[in-house]
Trainee: 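What follows is a structure written as structure tokens; I'll ask about it next.
Quick caveat, the model's predicted, so the values are computed rather than measured. The sequence lines fix the lettering, A, B, ..., with proteins before strands; numbering per chain opens at 1. Computation of the quantities below employed the complete heavy-atom set of this structure, encompassing side-chain atoms and omitting hydrogens, waters and symmetry-equivalent molecules.
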Amino acid sequence: MARAYDVVAIEKKWQRRWADEGTYEVDVDDPRPPWYVLSMYPYPSGPAHMGHVRNYTFGDLLVRHRTMLGHAVLSPFGFDSFGLPAENAAIKTGTHPRIFTDARIAELKASVISLGAVYDWRREIRSHDPSYIKWNQVIFTSLLEAGLAYRATAPVNWCPGCQTVLANEQVLPDGTCERSGDLVIQRDLEQWFFRITDYADELLADLDELDWPERVKTMQRNWIGRSEGAEMDLAVVGQNLVDGEPLVLTVFTTRPDTSFGMTYAVVAPEHPLVDVLTTDEHRHQVDDVLSRAAISSEIERTAEGGGEAAKRGAFTGSYVRNPFTGQPVPVYVADYVLMGYGTGAIMAVPAEDARDWNFAKAYGLPFVRTVRPPEGWEEHGGPDGGPGGAYTGPGEKINSDWLNGLDIPEAKAKAIDWLEAEGIGVRKVNYRLRDWLVSRQRFWGCPIPVVYCPDHGIVPVPFDQLPVLAPDDVEFLPTGESPLATNEAFLNTTCPIDGGPAIRETDTMDTFVDSSWYFLRFCDPWNEDRPFDQDKVRHWMPVDQYIGGIEHAILHLLYARFYTKALADLGFAPEGLREPFDSLFTQGMIRMDGHKMSKSRGNLVAPSKYIETVGADALRLFHLFVGPPADDVDWTEQTDSVIDGCGRFLDRVWRLATGTDGNTPLRDGELTPEDMAVRRKTHLLIDKVTRDYERWSYNTAVAECMGFVNVLQPYVRGGGHAEVAAEAIDTLLLLLAPMTPHVTAEAWELRHGDHIHLRPWPLADPALAVVEQVTLVVQVNGKVRDRIEVSPDIGAEEAERLALESPRIVETLDGQAPKRVISRPPKLVNLVV
RNA sequence: GCCCGGGUGGCGGAAUGGCAGACGCGAUGGACUCAAAAUCCAUUGUCCGAAAGGGCGUGCGGGUUCGAGUCCCGCCCCGGGCACCA
């Protein structure tokens with residue numbers, strides 16, 4: 001597509017200037033008020049893809065807009081440079097992950113710059129830099145000393161063929177290894193955890209204060225999953241005694257009020273009592289369930305089995321007594337109960353729990369309703385209007401002896417009081433949130449700085465020996481096994497306490513650890529004495545605006561919040577810093593063929609072909625114009641022509657700004673009514689676009705600018721007033737500057753000689769930003785029957801009078817008097833007859 | 001399965017409970033041109049009508065309201081996350 005100006009040359013020129021002049025480098029001594037804008041730092045997967053472009057377009061727009069508003073804007077950039085893809089590439093090609101990663105970083109950095117996004121590159125962070133590794137490890141040892149890091153066993157995906165641990169991503173949907181095709185099994189390993197559950201209540205409570213999208217906060221609340229309920233002991237019926245004590249099965253329930261409806265109990269396949277509970281005649285079926293659970297992921301296990309349901313559970317042969325009814329109920333083992341939640345055992349109440357209902361149906365188990373369902377529930381309360389199943393809504397307690405007649409909250413409280421009085425149960429708050437498993441059996445990550453001494457056990461590597469770095473002379477096996485685990489030189493070390501032989505930890509940290517504090521390091525990336533200086537962090541933090549993909553709604557954002565709180569408690573971060581990100585914006589994804597555009601799906605579209613032709617400005621404008629930033633974008637065969645359309649719009653702006661749009665001379669002298677109309681439109685535009693910027697409605701801001709050009713172009717061609725045209729064009733350039741920084745900078749320089757991005761954001765003159773006439777809609781019974789041009793400050797009675805006098809309304813009413821008149825000046829009058 | 005979103009012309013989308021479809025893409029017709037490109041002008045939800053005008057229309061079914069794309073209830077379909085991709 002031929003363009004009105006030399007796009008590539010102009011964009012290169014300004015990118016060089018912003019870098020050379022350090023336009024966007026800021027320090028704590030800057031007199032302007034600080035503002036911290038951060039786009040989530042990327043995993044360097046090669047040249048930027050469209051998701052990056054979208055992310056950095058929004059971020060860069062904010063940096064430039066805030067700068068024009070007079071702030072010292074901290075805009076850093078870095079790379080989340082540890083991770084699986086580099087290790088996989090090493091296994092495939094033999095290239096060291098560092099060589100591979102540094103090359104990808106160079107590509108990504110170049111394409112980010114070519115987008116015209118501006119950063120304080122002096123502050124660049126790479127999580128695989130030894131300096132970052134060092135402070136990452138210092139923080140780890142502090143967490144360990146504070147008791148916030150600990151070791152425990154946890155299952156991993158184990159590929160018997162590769163003899164290695166697999167990431168979930170490497171396990172195919174059918175449960176086999178993507179590399180070898182072997183069936184993946186679950187295997188227990190000793191691993192490192194961070195005690196995020198210590199912060200569960202604070203993580204939950206502090207969400208209320210954050211200026212985050214409601215849906216993200218909701219997802220986090222649900223993820224933390226605080227539920228109040230009870231733990232109770234169910235006596236196992238019969239001869240089972242352990243060390244002379246009667247055997248009890250402890251269950252957790254959020255619905256103690258439904259206890260009278262317990263018709264069976266379920267233990268998780270991993271439950272320690274499974275073996276004791278299982279009688280010989282049922283052992284075969286139970287073992288079947290156990291072995292199936294061992295090879296299933298959690299999602300498969302909790303998914304509805306449908307016809308498979310019969311294979312997912314088995315009767316153990318044992319019974320427990322329902323303490324409320326005194327009746328024995330059978331104990332099943334089933335994979336829909338997870339060992340990691342509650343006590344790993346449940347009382348099953350099919351009438352009031354959907355999963356219990358499905359299981360009970362499949363196994364022919366009885367149900368007893370303890371909450372009266374709504375009228376007609378049994379006939380058509382179910383999906384598609386069929387018979388109702390489990391009823392989980394509110395209602396009156398029934399079939400529950402001394403709880404009958406109460407509502408659910410009352411019955412809950414009374415049931416727990418009774419359990420506590422009887423000494424068989426306690427009130428208990430439970431969280432769905434589990435501690436954070438940070439161990440990874442991989443090479444390309446931050447080594448966990450710990451050694452194992454035969455005499456002293458777990459010993460953190462002392463400060464003066466940090467960072468612990470992985471050796472370079474390693475071989476990557478096609479099985480995917482981490483070379484750290486077998487590297488004798490790395491493995492064998494000495495104990496920091498007694499100097500005797502010791503073994504190094506070979507696990508590395510989850511890359512989410514790296515990304516949990518990088519925003520703090522950005523405040524002070526040069527610090528050689530500590531992770532960051534408290535005063536500098538106090539100056540910039542919390543991040544005023546954080547921007548990233550909705551896919552990070554839970555994990556990354558929750559971990560970063562936890563880390564910030566823990567770092568403050570450990571004394572690294574300022575005491576009062578409890579939250580890292582004041583305001584969060586989650587952009588939508590780019591979709592192609594109905595799926596998220598991602599490298600793993602192989603459906604990436606490279607931005608370079610656009611940057612080299614229509615230019616970065618047009619591509620940025622497209623991303624801003626295509627729809628609301630929070631919505632997903634569908635990349636289709638029509639997208640290219642929309643991007644071209646954005647380029648065409650910039651051409652029109654260029655021709656207007658450079659006076660190359662026809663040769664009609666402009667006027668001087670008195671302003672005509674038409675000139676005044678253009679002035680008013682200019683100031684209304686400032687008002688509208690400013691408000692759109694504030695509410696992240698860039699698509700309508702762009703549309704408004706396009707509409708303005710549609711007015712301005714004929715005005716200038718028709719020989720408009722020189723000063724009015726100049727004001728209009730300058731305003732347009734200023735409003736567009738954060739969106740399309742190159743073309744506006746060049747045009748502004750040609751017009752005024754200075755730098756548009758250092759100019760203040762325009763202000764609307766309230767006397768000019770006024771609408772002169774609005775359309776009053778007149779409806780009869782809600783249908784539009786006339787439109788009348790009125791003054792915007794018309795009163796209700798005047799509007800009603802005008803409506804009733806309108807000839808078209810007189811005709812429509814045909815002599816009837818309206819029964820009711822709704823007058824909402826200046827927009828609408830509705831006559832109800 | 002659980003949690004969170006979304007569904008409006010041919011397409012992307014706009015619309016503090018008040019004119020549904022701004023703006024753009026595409027399409028059609030026209031101007032300019034030897035011709036094309038570029039540019040500019042006009043039309044463009046759908047049905048009836050020559051027109052004026054009217055009927056219908058925001059995934060489906062109900063409800064609240066003078067008035068519903070917007071609020072409530074119940075569905076259907078599509079997407080994201082589900083703890084080792086980041």
Side-chain angles (χ1 to χ4, degrees), chain A residues 1-2 4 40 42-43 45 80 83-85 156-157 165-171 214-216 218-219 221-223 225 297-306 336 340 354-355 358 383-385 433-434 436-437 439-442 510-512 515 549-556 558-559 588-589 591 594-596 598-600 622 625-628 630-634 636-646 648-649 651-652 655 661-662 697 699-700 702-707 710 713-714 717 775-779 781-784 787 819-822 824 827-832:
Chain A
M1 176 183 155
M40 290 178 185
Y43 177 78
S45 54
D80 185 15
L84 199 55
V156 291
N157 299 313
V165 176
L166 300 182
N168 287 345
E169 196 187 45
Q170 297 171 301
V171 182
E214 260 329 300
R215 69 158 154 161
V216 174
T218 305
M219 283 192 259
R221 284 189 192 105
N222 291 338
W223 188 258
S297 73
E298 209 163 283
I299 297 173
E300 288 161 0
R301 284 178 51 172
T302 49
E304 191 169 283
Y336 77 97
R355 281 168 306 173
N358 291 337
D384 61 45
L433 180 68
R434 307 200 291 250
W436 176 9
L437 198 171
S439 290
R440 297 293 181 268
Q441 294 72 39
R442 306 203 192 291
D510 182 1
T511 57
F512 276 128
S515 56
I550 185 69
E551 66 271 24
H552 293 292
I554 296 172
L555 295 181
H556 162 59
L558 194 66
Y559 293 147
M589 286 168 299
R591 287 199 307 215
H595 296 287
K596 162 181 167 180
S598 72
K599 190 160 191 173
S600 55
F622 162 78
F625 181 58
V626 69
D631 288 6
D632 290 348
V633 177
D634 279 306
T636 69
E637 64 278 4
Q638 279 205 18
T639 301
D640 278 9
S641 52
V642 180
I643 296 172
D644 283 346
C646 290
R648 271 199 296 276
F649 168 70
D651 284 344
R652 298 175 75 190
R655 287 191 298 260
D661 190 51
S697 185
N699 53 330
T700 54
V702 174
E704 215 61 35
C705 291
M706 287 173 168
N710 290 343
Q713 191 175 328
R717 287 185 179 184
T775 305
L776 176 77
V777 170
V778 186
Q779 298 180 333
N781 289 335
K783 287 196 185 285
V784 180
R787 299 179 175 86
K819 289 202 214 64
R820 201 172 153 189
V821 179
I822 290 106
R824 295 278 180 277
K827 287 197 147 177
L828 173 128
V829 173
N830 188 12
L831 307 169
V832 184

Trainee: Nearest to the side chain of A:L555 - B:rC82, B:rC23, B:rC4?
Mentor: B:rC82
Trainee: Taking atom P in both B:rC77 and B:rC56, what distance in whole Å separates the two?
Mentor: 30 Å
Trainee: Given pairs defined as Watson-Crick or G-U wobble with both distances under 3.5 Å, what dot-bracket annotation applies to RNA chain B, with ( ) intrastrand, [ ] crossing, | other strand and . unpaired?
Mentor: (((((((..(((.....[....)))((((((.......))))))((((....))))..(((((..]....))))))))))))....
Trainee: If you measure only the distance, is there a donor-acceptor pair under 3.5 Å linking the side chains of A:R824 and A:N830?
Mentor: no
Trainee: A:R655 near the nucleic acid: base, sugar-phosphate alone, or nothing, with a heavy-atom cut-off under 4.0 Å?
Mentor: sugar-phosphate
Trainee: Applying a 4.0 Å non-hydrogen cut-off, can you work out what A:W436 is touching in the nucleic acid: base, sugar-phosphate, or nothing?
Mentor: nothing
Trainee: Within the structure provided, determine whether A:V778 and A:V784 are in side-chain contact (heavy-atom separation under 4.5 Å).
Mentor: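 In short, these two side chains do not touch, never coming nearer than 4.5 Å.
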Trainee: Going by side-chain contact (heavy atoms from CB on, under 4.5 Å), name the residues that satisfy it together with A:A4, two or more places apart in sequence or in a different chain.
Mentor: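 side-chain contact (heavy atoms from CB on, under 4.5 Å) list for A:A4, sorted by chain: A:D651, A:W654, A:R655.
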Trainee: Between B:rU58 and B:rU70, how far apart are the two C1' atoms, rounded to whole Å?
Mentor: 10 Å
Trainee: Would you kindly give the CG-to-P distance between A:L558 and B:rC82, to the nearest whole Å?
Mentor: 13 Å
Trainee: Would you indicate what A:V784 reaches in the nucleic acid, counting non-hydrogen atoms under 4.0 angstrom: base, sugar-phosphate, or nothing?
Mentor: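 Here A:V784 touches the backbone only, sparing every base.
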Trainee: May I ask you to say what A:F649 touches in the nucleic acid, namely base, sugar-phosphate or nothing, with a heavy-atom cut-off under 4.0 Å?
Mentor: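 If one applies the 4.0 Å heavy-atom cut-off, A:F649 turns out to touch nothing in the nucleic acid.
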Trainee: I need the NZ-P distance between A:K819 and B:rU65, as an integer number of Å.
Mentor: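 Spelled out: NZ on A:K819 to P on B:rU65 is 16 Å.
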Trainee: When you look at A:T639 and A:F622, which way does the side-chain contact (heavy atoms from CB on, under 4.5 Å) test go after all the steps?
Mentor: CA-CA 9 Å; A:T639 301; A:F622 162 78; 3.4 Å; yes
Trainee: What is the distance from atom CG of A:L831 to atom CD of A:Q779, rounded to the nearest 0.5 Å?
Mentor: 9.0 Å
Trainee: Students often get this wrong, so: under 4.0 angstrom with heavy atoms, is A:L831 touching a base, only sugar-phosphate, or nothing?
Mentor: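 Here A:L831 touches no strand at all.
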Trainee: For atom C1', what is the distance between B:rG18 and B:rG6, given to the nearest Å?
Mentor: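 Here B:rG18 and B:rG6 have their C1' atoms 25 Å from each other.
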Trainee: Taking side chain as C-beta onward, heavy atoms only, is A:S515 less than 4.5 Å from A:Y559?
Mentor: no
Trainee: How many angstroms lie between CD in A:Q441 and CG in A:N157, if you round to the nearest 0.5 Å?
Mentor: 10.0 Å
Trainee: So which nucleotide from B:rA83, B:rC3, B:rG79 ends up closest to the side chain of A:M219?
Mentor: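 My answer, after comparing the listed nucleotides, is B:rC3.
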Trainee: Out of curiosity, A:L828 CG to A:T775 OG1, how far, rounded to the nearest 0.5 Å?
Mentor: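 Nearest 0.5 Å value for the CG-OG1 distance: 12.0 Å.
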Trainee: Quick one, A:L84 and A:T511 - any side-chain contact, counting heavy atoms below 4.5 Å?
Mentor: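 No - every pair of side-chain heavy atoms lies 4.5 Å or more apart.
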Trainee: Using a 4.0 Å heavy-atom cut-off across all strands, classify A:R787 as base, sugar-phosphate, or nothing.
Mentor: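 The answer is base, as A:R787 lies within the cut-off (heavy atoms under 4.0 Å) of a base atom.
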Trainee: Closest nucleotide of RNA chain B for A:N781 versus for A:M706: which of these residues is on the 5' side?
Mentor: A:M706
Trainee: Is there a side-chain contact (heavy atoms from CB on, under 4.5 Å) between A:V829 and A:L776 once you walk through the steps?
Mentor: CA-CA 7 Å; A:V829 173; A:L776 176 77; 4.1 Å; yes
Trainee: Expressed in angstrom and rounded to an integer, what is the separation of A:H556 atom NE2 from B:rG81 atom C1'?
Mentor: 15 Å
Trainee: Would you indicate, yes or no, if B:rG26 has its OP1 or OP2 atom less than 4.0 angstrom from a side-chain nitrogen or oxygen of A:R648?
Mentor: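 Affirmative; the distance criterion is met.
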Trainee: Between B:rC76 and B:rA27, how far is it from one P atom to the other, in whole Å?
Mentor: 39 Å
Trainee: Could you give the distance separating B:rC41 and B:rC32 at their P atoms, to the nearest angstrom?
Mentor: 15 Å
Trainee: Nearest 0.5 Å please: distance from the CE atom of A:M706 over to the SG atom of A:C646.
Mentor: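 It comes to 5.0 Å.
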Trainee: When we call it a touch if two heavy atoms are under 4.0 Å apart, what does A:T511 touch: a base, just sugar-phosphate, or nothing?
Mentor: sugar-phosphate
Trainee: For the C1' atoms, the ones on B:rG69 and on B:rC60, what distance do you get once it is rounded to whole angstrom?
Mentor: 15 Å
Trainee: Under 3.5 Å, which protein N or O atoms sit close to an N or O of nucleotides 68-71 of chain B? Give each pair with its distance.
Mentor:
none

Trainee: Below 4.5 Å, heavy atoms only, C-beta onward: do A:V821 and A:V832 meet side chain to side chain?
Mentor: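 In short, these two side chains do not touch, never coming nearer than 4.5 Å.
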Trainee: Output one letter per nucleotide in nucleotides 8-18 of chain B: B when a protein non-hydrogen atom lies under 4.0 Å from the base, S when only the sugar-phosphate is that close, - when neither is.
Mentor: --BBBSSS--B
Trainee: In whole Å, what separates the P atom of B:rA51 from that of B:rA14?
Mentor: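 Between the two P atoms, the distance is 33 Å.
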Trainee: How many whole angstroms separate atom CZ of A:R221 from atom C1' of B:rC3?
Mentor: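 Distance, rounded to whole Å: 14 Å.
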Trainee: Does A:R591 put a side-chain nitrogen or oxygen below 4.0 Å from OP1 or OP2 of B:rG79?
Mentor: no
Trainee: Check if the side chain of A:R820 and the base of B:rC66 share a donor-acceptor pair of N or O atoms closer than 3.5 Å.
Mentor: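 Side chain to base: no pair below 3.5 Å.
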Trainee: In whole angstroms, how far is the P atom of B:rC84 from the CZ atom of A:R440?
Mentor: 5 Å
Trainee: Which part of the nucleic acid does A:V165 contact within heavy-atom distance under 4.0 Å: base, sugar-phosphate only, or nothing?
Mentor: base
Trainee: Using the salt bridge (Lys or Arg N to Asp or Glu O under 4.0 Å) criterion, which residues pair with A:E637? Sequence neighbours excluded.
Mentor: none
Trainee: A:I554 has an atom CD1; how far is it from atom P of B:rG80, in whole Å?
Mentor: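 In whole Å, B:rG80 P lies 15 Å from A:I554 CD1.
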Trainee: I need the NZ-P distance between A:K783 and B:rG67, as an integer number of Å.
Mentor: 12 Å
Trainee: If the C1' atom of B:rC19 is compared with that of B:rG12, how far apart are they to the nearest Å?
Mentor: 23 Å
Trainee: Send over the distance from A:I643 CD1 to B:rG26 C1', rounded to a whole Å.
Mentor: 15 Å
Trainee: When all nucleic acid strands are considered with a 4.0 Å heavy-atom cut-off, which category describes A:V156: base, sugar-phosphate, or nothing?
Mentor: base
Trainee: Counting any heavy atom closer than 4.0 Å, what does A:E704 reach on the DNA or RNA strands: base, sugar-phosphate only, or nothing?
Mentor: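 Nothing: the residue A:E704, judged by heavy atoms under 4.0 Å, touches no strand.
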Trainee: Does a side-chain N or O from A:N222 land closer than 4.0 Å to OP1 or OP2 of B:rC82, or not?
Mentor: no
Trainee: Looking at side-chain heavy atoms only, is the closest gap between A:F649 and A:F625 below 4.5 Å?
Mentor: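 Not in contact.
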Trainee: Ignoring hydrogens and angles, are the base of B:rC84 and the side chain of A:R442 linked by a donor-acceptor pair under 3.5 Å?
Mentor: yes
Trainee: What form does the base of B:rG9 take, syn (within 90° of 0) or anti?
Mentor: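 It is syn.
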Trainee: Among residues at least two apart in sequence or on other chains, which ones pass salt bridge (Lys or Arg N to Asp or Glu O under 4.0 Å) with A:R442?
Mentor: none
